[in-house]
A.B. asks: 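Take this structure, written in structure tokens, and hold onto it; I'll ask about it next.
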2 protein chains.
Amino acid sequence: MGKQVTEMLKGTLEGIVLAILSGRSAYGYEITAWLREKGFSDIAEGTVYALLIRIEQRGLVDVEKVPSEKGPPRKVYSLNAEGSEYLEEFWRTWSFLTEQLEQLRQGDN
Amino acid sequence: MGKQVTEMLKGTLEGIVLAILSGRSAYGYEITAWLREKGFSDIAEGTVYALLIRIEQRGLVDVEKVPSEKGPPRKVYSLNAEGSEYLEEFWRTWSFLTEQLEQLRQGDN
DNA sequence: TACCGGTAGATAGTAACACTGAATAGCGGG
DNA sequence: CCCGCTATTCAGTGTTACTATCTACCGGTA
């Protein structure tokens, strides 16, 4: 999709993944597939896994190892209380940004 | 404002500045002041100058040195044709992102 | 004159984040 | 037995914003 998305995703991809996890638990491979389906065609698998490790180390998610019928065991992530709080904060920040951008787009600058 | 904004700005700040320049020409100090006024309270001055140099080197803006009554000469930036094209592309990318995020927020995932 | 505050820009070093590319590992089917 | 699919990990790279500092010009004031 191009470099612009890549740069814009910095900071937002984390929120996107947390938002996905707020709906239901999921594991890396699944999340990557879901993102691709949604149009984020060139998000590298490595990126998602790295992000999941980051948010795990920050204590925003809980992890459970679940055996898979096909392939190695999955690491299933679910949002915990701290993660929910962080996600709320993310939405506030996101709203602020979109408001500013919307104003700029309308040309009142 | 916090680390979340900082990370989200990566990739969007460039679009923001280009959008400002699409309305009128401006120089670094002015842009920084305008951003602060708009609520981007902790954007460092150095950040804006570095960004302006980047977009200048990529040929998205034209530059003109204008003497100032108070202080050193200003480097006044204005969007050129290539910059306008890039800005359009930015808005398309931005729209895509906001749509996806809006869907996630509504919880249909 | 000497100094200071406000205006204006440049720069070196750092941290965070997404990408690239490759490696590892388990399972089932031809 | 190897290939393809599922699933995760990791080392190295590039981009971007931040921090902190430096240069420079001007007007006012002691």
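To find a chain, count down the sequence lines: A is the first, B the second, and so on, and within it residues start at 1. Side chains are part of it too, since the values below use all heavy atoms of this structure and drop only hydrogens, waters and symmetry mates.
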A.B. asks: Return the nearest nucleotide to the side chain of A/K70; candidates are D/dA17, C/dA8, D/dT6.
C.D. replies: D/dT6
A.B. asks: Within the 4.0 Å heavy-atom criterion, would you say B/L52 contacts the bases, only the backbone, or no part of the nucleic acid?
C.D. replies: nothing
A.B. asks: Below 4.5 Å, heavy atoms only, C-beta onward: do A/L52 and A/V61 meet side chain to side chain?
C.D. replies: no
A.B. asks: Indicate whether OP1 or OP2 belonging to C/dA10 is found under 4.0 Å from a side-chain N or O atom of B/K75.
C.D. replies: yes
A.B. asks: At less than 4.0 Å, is any side-chain N or O atom of B/Y27 found next to OP1 or OP2 of C/dG9? Yes or no.
C.D. replies: no
A.B. asks: Of the nucleotides C/dA8, D/dA17, D/dT9, which has the atom closest to the A/Y49 side chain?
C.D. replies: D/dT9
A.B. asks: When the distance from CD1 of A/I53 to P of C/dC17 is rounded to whole Å, what number comes out?
C.D. replies: 14 Å
A.B. asks: For the residue pair B/L97 and A/V5, establish whether any side-chain heavy-atom pair is separated by less than 4.5 Å.
C.D. replies: no
A.B. asks: Check whether the ring centres of B/F96 and A/F40 lie less than 6.0 Å apart, and answer yes or no.
C.D. replies: yes
A.B. asks: Starting at atom CD of B/E56, determine the distance to atom C1' of C/dG9, rounded to an integer number of angstrom.
C.D. replies: 12 Å
A.B. asks: Expressed as a whole number of angstroms, how long is the span from A/I55:CD1 to C/dC17:P?
C.D. replies: 11 Å
A.B. asks: Of A/E64, A/E30, A/E56, which is the lone residue that meets salt bridge (Lys or Arg N to Asp or Glu O under 4.0 Å) with A/K75?
C.D. replies: A/E56
A.B. asks: Looking for any heavy atom pair under 4.0 Å, which part of the strands does B/E45 touch: base, sugar-phosphate only, or nothing?
C.D. replies: nothing
A.B. asks: For a quick check of understanding: with a heavy-atom distance under 4.0 Å over all strands, which category does A/K10 fall into, base, sugar-phosphate or nothing?
C.D. replies: base
A.B. asks: Mapping A/P72 and A/G11 onto DNA chain C by nearest heavy atom, which one lands closer to the 5' end?
C.D. replies: A/G11
A.B. asks: Does C/dT7 have OP1 or OP2 under 4.0 Å away from a side-chain N or O of B/S68?
C.D. replies: no
A.B. asks: When you check the phosphate oxygens OP1 and OP2 of D/dC25, does a side-chain N or O of B/R74 lie under 4.0 Å from one of them?
C.D. replies: no
A.B. asks: Please determine whether side chain to side chain donor-acceptor pair (under 3.5 Å) holds for the pair A/T32 and A/E45, giving the CA-CA distance in whole Å, both sets of side-chain angles, and the decisive distance to 0.1 Å.
C.D. replies: CA-CA 6 Å; A/T32 305; A/E45 295 217 33; 4.6 Å; no
A.B. asks: In this structure, how many angstroms lie between the P atom of C/dC19 and the CZ atom of A/F40, rounded?
C.D. replies: 11 Å
A.B. asks: Indicate yes or no: at least one non-hydrogen side-chain atom of B/L101 is less than 4.5 angstrom from one of A/F90.
C.D. replies: yes
A.B. asks: Using a cut-off of 4.0 Å on non-hydrogen atoms, how would the nucleic acid contact of A/G46 be classed: base, sugar-phosphate, or nothing?
C.D. replies: base
A.B. asks: Whole angstrom is fine here: how far is it from CG in A/L13 over to C1' in C/dC19?
C.D. replies: 12 Å
A.B. asks: Tell me which of A/G28 and A/E7 sits closer to the 5' end of DNA chain D, going by the nucleotide each one is nearest to.
C.D. replies: A/G28
A.B. asks: Using atom CG of A/L9 as one end and atom C1' of C/dA16 as the other, report the distance to the nearest whole Å.
C.D. replies: 15 Å
A.B. asks: With the side chain counted from C-beta on, respond yes when B/E102 and B/R105 share a heavy-atom pair under 4.5 Å apart, and no when they do not.
C.D. replies: yes
A.B. asks: Whole angstrom is fine here: how far is it from CD in B/Q4 over to C1' in D/dC18?
C.D. replies: 17 Å
A.B. asks: Taking for each residue the nucleotide of DNA chain C with the nearest heavy atom, is it A/E69 or A/L51 whose nucleotide lies nearer the 5' end?
C.D. replies: A/L51
A.B. asks: Can you tell me which stems DNA chain D forms, taking runs of 3 or more consecutive Watson-Crick or G-U pairs with both distances under 3.5 Å?
C.D. replies: C:1-30 with D:1-30
A.B. asks: Quickly work out the A/Y77 OH to D/dA7 P distance and round it to whole Å.
C.D. replies: 14 Å
A.B. asks: By the 4.0 Å heavy-atom rule, please label A/T6 as base, sugar-phosphate, or nothing.
C.D. replies: sugar-phosphate
A.B. asks: So, is B/R58 near the phosphate of D/dT16, with a side-chain N or O under 4.0 Å from OP1 or OP2?
C.D. replies: yes
A.B. asks: Against the six-membered ring of B/Y86, is B/R58 placed for a cation-pi contact (under 6.0 Å from the centre, within 45° of the normal)?
C.D. replies: yes
